[in-house]
Amino acid sequence: MADENQFVKEITPMDEDFSQWYIDTILKAEMADYSTVRGCIVFRPYGYAIWENMQHLLDKRFKETGHKNAYFPLFIPESLLQKEAEHVEGFAPEVAWVTHGGSDELAERLAVRPTSETIICSMYSKWIKSWRDLPVLINQWANVVRWEKSTRPFLRTSEFLWQEGHTAHRTEEDAEEETLKMLEVYRDFVETELAIPVIKGRKTENEKFAGALRTYTIEALMKDGKALQAGTSHNLGQHFARVFDIQFLDTDGQLKYVWQTSWGVSTRLIGALIMTHGDNRGLKLPPRVAPIQAIIIPIPGQDSESVYARAKKLAGSLKDRYRVELDMSDEKTPGWKFNEYEMKGVPLRIEIGPRDVKNNQVVLVRRDTGEKMIVSQDDLSTKIGELLEDIQRNMFAQAKTFVEKNTSVAKSFDEFQNAIESKRGFVKANWCGSSECELAIKEKTMATIRCIPFEDNEPDGECVHCGGKASKKVIFARSY
RNA sequence: CGGGGCGUAGCGCAGUUGGUAGCGCGCGUGGUUUGGGACCAUGAGGCCGUGGGUUCAAGUCCCGCCGCCCCGACCA
């Protein structure tokens with residue numbers, strides 16, 4: 001929009017080139033930078049702080065649901081990685097290998113973990129002997145490496161940060177319950193803290209995790225109309241238990257294999273945050289995870305001393321309750337700072353100038369709506385709390401509306417192609433359940449089944465592709 | 001792995017028929033400013049990605065190599 005562009009420089013408008021907008025925003029907001037290593041980015045302090053906030057909020061949820069953190073090695077011996085056939089096949093093309101220690105060639109190559117199922121399972125087989133040892137509920141915060149052919153900051157990089165939960169259970173029901181429980185933890189986290197609406201559902205056979213029995217997902221919709229998988233939770237069944245020999249003696253005296261799950265979210269969520277909320281001025285961060293929730297900008301005027309003094313006092317009084325920063329730098333003008341912090345997505349700006357000092361007030365400006373208001377310094381703290389809550393709420397509501405507006409229903413394949421081509425977004429359609437139709441649709445339209453949603457999945461017509469009997473109504477989209 | 005693009009100051013770029021490197025921003029210093037990206041003065045900053053070739057002379061022409069980015073296929 002024209003008036004949105006008025007203040008911003010050096011960020012390509014979204015509708016001109018969305019990819020470029022995304023990159024510009026990341027670099028200009030100093031979230032990340034390209035490194036000297038191909039496909040690897042540096043998380044700069046501002047970007048890393050968002051990840052830390054996410055970690056904190058998620059970790060709390062993991063602990064509340066009974067999980068404990070641990071840490072497993074970065075390296076996985078080749079023989080371990082190869083034990084589960086489907087798993088190796090899925091990951092082999094993108095594994096980075098360590099072949100030498102110093103100048104000596106290793107007897108066995110070591111994979112730099114692309115995911116940790118195998119190394120963790122090898123330990124679980126040692127630790128689990130009795131039904132009394134179950135469930136095992138472990139999470140790991142780690143980096144993983146996948147040698148990707150094409151990369152993109154936060155969304156797909158050769159090395160990325162994530163958490164991976166790995167649990168082992170006594171029964172199939174327990175494992176399924178855990179899988180769904182963690183999916184719900186993700187949904188709640190992403191919607192509540194990141195203000196990103198998602199659709200919960202199950203992945204098709206084609207789209208499921210290599211080695212899993214069933215894969216569940218939460219799918220988000222970005223502003224360019226492409227879907228992004230925001231989190232996954234897998235019921236691994238007994239696939240890994242059998243190849244890694246994780247057995248326990250049950251109450252009935254029988255030796256049984258455990259039922260396992262794994263689940264993860266990654267720094268890709270930062271990308272989701274950018275592309276769900278951002279606009280032509282740059283980032284727009286939800287208050288719950290914003291590194292700076294409110295920025296105080298003094299406007300010095302004639303009597304700069306009293307303005308600075310008051311600004312410092314305000315900052316001091318707000319620091320305990322909010323992530324507040326005061327920008328006292330003298331070499332930038334207030335106008336420059338306004339733009340800078342808007343670009344960085346700071347939810348709330350607090351301006352204080354000579355007029356405000358005199359009237360015991362401040363000027364507050366919301367990043368989400370641009371609304372300006374004059375507030376007394378006396379009840380500033382309370383007011384900020386209310387506003388941050390309201391901004392969080394409003395950002396979720398706006399994103400929700402966007403998803404609704406960009407979700408369509410296709411009754412015929414013509415309608416389907418047209419929707420994917422012109423409107424993008426989520427397209428709901430009936431599906432016969434065959435892999436052939438799924439792949440043919442992908443071939444023709446580049447759209448994939450994002451998930452079989454938990455809600456509203458009853459077919460109400462024939463398969464959108466083959467015209468045969470539909471088994472489910474599913475959600476299609478082009479995706480990242 | 002296919003298609004495209006780019007390597008010249010920290011960043012973004014210009015560099016004509018080959019003649020020894022320039023602009024904007026940023027950065028340093030001094031001053032004036034400051035309610036939506038201020039201004040003046042004055043400075044610093046270069047193995048022109050890399051190796052070879054042609055030439056009296058190469059940022060520029062030729063050949064090779066390396067790197068990165070973007071768009072696809074594959075994947076979180």
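The basis for the numbers below is simple: all heavy atoms, side chains too, and nothing from hydrogens, waters or symmetry mates. Small disclaimer: the values here were computed from a predicted structure and weren't measured. Naming convention: chains lettered A, B, ... in sequence-line order (proteins, then strands); numbering from 1 in each chain.
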ring-ring contact (aromatic ring centres under 6.0 Å, His included) against A:F43, all qualifying residues, sequence neighbours excluded: A:F154
A:F338 ring centre to A:R349 NZ or CZ under 6.0 Å, with the angle to the axis within 45°? yes
Whole-Å C1' distance, B:G67 and B:U8: 16 Å
Name the nucleic acid region contacted by A:F209, choosing base, sugar-phosphate or nothing; use a 4.0 angstrom heavy-atom cut-off, strictly under. nothing
Run the side-chain donor-acceptor check on residues 50-60 of chain A: report pairs under 3.5 Å with partners two or more places apart or on a different chain.
unit_1: A:N53; atom_1: ND2; unit_2: A:A49; atom_2: O; d: 3.4
unit_1: A:N53; atom_1: ND2; unit_2: A:V289; atom_2: O; d: 2.9
unit_1: A:D59; atom_1: OD1; unit_2: A:N69; atom_2: ND2; d: 2.9
unit_1: A:D59; atom_1: OD1; unit_2: A:W141; atom_2: NE1; d: 2.8
unit_1: A:D59; atom_1: OD2; unit_2: A:K63; atom_2: NZ; d: 2.5

Sequence-distant partners of A:F476, ring-ring contact (aromatic ring centres under 6.0 Å, His included), two or more places apart: A:F416
Heavy atoms within less than 4.0 Å of RNA chain B: which residues of residues 325-335 of chain A have one? Give them sorted by number. A:D330, A:K332, A:T333, A:P334, A:G335
Would you check if there is a donor-acceptor pair between the side chains of A:E438 and A:T204 at a distance under 3.5 Å? yes
Residues in residues 348-381 of chain A with a heavy atom under 4.0 Å of RNA chain B, by number, are A:R349, A:E351, A:G353, A:P354, A:R355, A:D356, A:V363, A:K372
Any pair counted as salt bridge (Lys or Arg N to Asp or Glu O under 4.0 Å), so long as it reaches residues 441-451 of chain A, sequence neighbours left out: A:E219-A:R450
Output side-chain donor-acceptor pairs under 3.5 Å for residues 144-153 of chain A, partner residues at least two apart or in another chain, one line each.
unit_1: A:R146; atom_1: NE; unit_2: A:P114; atom_2: O; d: 2.8
unit_1: A:R146; atom_1: NH2; unit_2: A:P114; atom_2: O; d: 2.8
unit_1: A:R152; atom_1: NH2; unit_2: A:S19; atom_2: OG; d: 3.1

Sort out the partner of B:C65 for me: Watson-Crick or G-U wobble, both distances under 3.5 Å, none otherwise. B:G49
Please name all residues satisfying side chain to side chain contact (heavy atoms under 4.5 Å, CB included) with A:I292, sequence neighbours left out, ordered by chain then number. A:Y46, A:I295, A:E325, A:Y341, A:V346
Listed pairs, N/O of protein and of nucleotides 72-75 of chain B, under 3.5 Å:
unit_1: B:C74; atom_1: OP1; unit_2: A:K442; atom_2: NZ; d: 3.3
unit_1: B:C75; atom_1: O2'; unit_2: A:E94; atom_2: OE2; d: 3.2
unit_1: B:C75; atom_1: O2; unit_2: A:R156; atom_2: NE; d: 2.4
unit_1: B:C75; atom_1: O2; unit_2: A:R156; atom_2: NH2; d: 2.8
unit_1: B:C75; atom_1: N3; unit_2: A:R156; atom_2: NE; d: 3.1
unit_1: B:C75; atom_1: N3; unit_2: A:R156; atom_2: NH1; d: 3.3
unit_1: B:C75; atom_1: N3; unit_2: A:R156; atom_2: NH2; d: 2.3

Quick one: do A:K200 and A:E184 make a salt bridge, cutoff under 4.0 Å? yes
Using a cut-off of strictly less than 4.0 Å between a heavy atom of the residue and any atom of RNA chain B, enumerate the qualifying residues of residues 286-307 of chain A by number. A:I299, A:P300
Would you be so kind as to tabulate the donor-acceptor pairs closer than 3.5 Å made by side chains of residues 83-100 of chain A, with sequence neighbours excluded?
unit_1: A:E84; atom_1: OE1; unit_2: A:E86; atom_2: N; d: 3.2
unit_1: A:E84; atom_1: OE1; unit_2: A:H87; atom_2: N; d: 2.9
unit_1: A:H87; atom_1: ND1; unit_2: A:A210; atom_2: O; d: 3.1

Using the test salt bridge (charged side-chain N to carboxylate O under 4.0 Å, His left out), find all partners of A:R202 that sit at least two apart in sequence or belong to another chain. none
Quick check for you: among B:C68, B:G36, B:C70, whose closest atom lies nearest to any side-chain atom of A:P153? B:C70
A:H234 NE2 to A:L213 CG distance, which is reported to the nearest 0.5 Å: 12.0 Å
